[in-house]
Amino acid sequence: MKLVFAIVQDQDAQKVMNELSKNSYMVTKLSSTGGFLKAGNTTLLVGVPDESVDKVLKIIKKKSSSRKQIIHSNSNATESSIEEMVTSIPIEVNVGGATVFVLNVENYEKF
Ligand code: 2BA
């Protein structure tokens, strides 16, 4: 058995979950935050038999989009440094589609 951890953008989460459920995969949604952008994203947990991993990855890939996001080079600037904020350099970052980790599951129980 495998546990698929998929980090997707909030805008895609519902589409991915709907498609997984439609295909009879159980999924748990966690609200998460990216360390770089400090913006909300969604982490989905899907526990599946080994032979289902490819199908699950295909669904996640199909339903997740890549988007460009603009951040400012010193977006952590405080209110006291307005000048810094005005002069900050906008940087374009490509976010997503999905970042996926597939882990081996040692044991799986339901009580
Ligand atoms: P964030 O950490 O907020 O990263 C958002 C996007 O910013 C990333 O998109 C990437 O394009 C860029 N980025 C991240 N760290 C960077 C850095 N140190 N320098 C330059 N650019 C950087 P994605 O790669 O699509 O990642 C989307 C989200 O997936 C991430 O949000 C994070 O929450 C998660 N993630 C990605 N790779 C991960 C990993 N190896 N381990 C844990 N979480 C990961």
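Counting starts at 1 for both ligands and their atoms, in listed order.
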J.: State, with a plain yes or no, whether a side-chain heavy atom of Phe5 is found less than 4.5 Å away from one of Val102.
T.: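 They are not in side-chain contact.
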J.: Is the side chain of Ser52 donor-acceptor paired with the backbone N or O of Val48 at a distance under 3.5 Å, no angle test?
T.: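 Side chain of Ser52 to backbone of Val48, a donor-acceptor pair under 3.5 Å: no, none is there.
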J.: Taking only residues at least two apart or on different chains, which pairs with a member in residues 48-65 satisfy salt bridge (charged side-chain N to carboxylate O under 4.0 Å, His left out)?
T.: Glu19-Lys62
J.: Using a threshold of 4.0 angstrom between heavy atoms of the protein and any atom of ligand 1, which residues qualify?
T.: Ile7, Gly34, Gly35, Phe36, Leu37, Asn41, Val93, Asn94, Val95, Gly96, Thr99, Phe101
J.: Quick one: does any side-chain atom of Asn41 pair with a main-chain N or O of Gln9 as donor and acceptor, under 3.5 Å?
T.: no
J.: Could you go step by step and tell me if Asp10 and Lys29 meet the salt bridge (charged side-chain N to carboxylate O under 4.0 Å, His left out) rule?
T.: CA-CA 11 Å; Asp10 288 345; Lys29 174 180 183 262; over 6 Å; no
J.: Is it true that Glu109 and Asn107 share a donor-acceptor pair across their side chains at a distance under 3.5 Å?
T.: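 Their side chains do contain a donor-acceptor pair, which is all the 3.5 Å distance test asks for.
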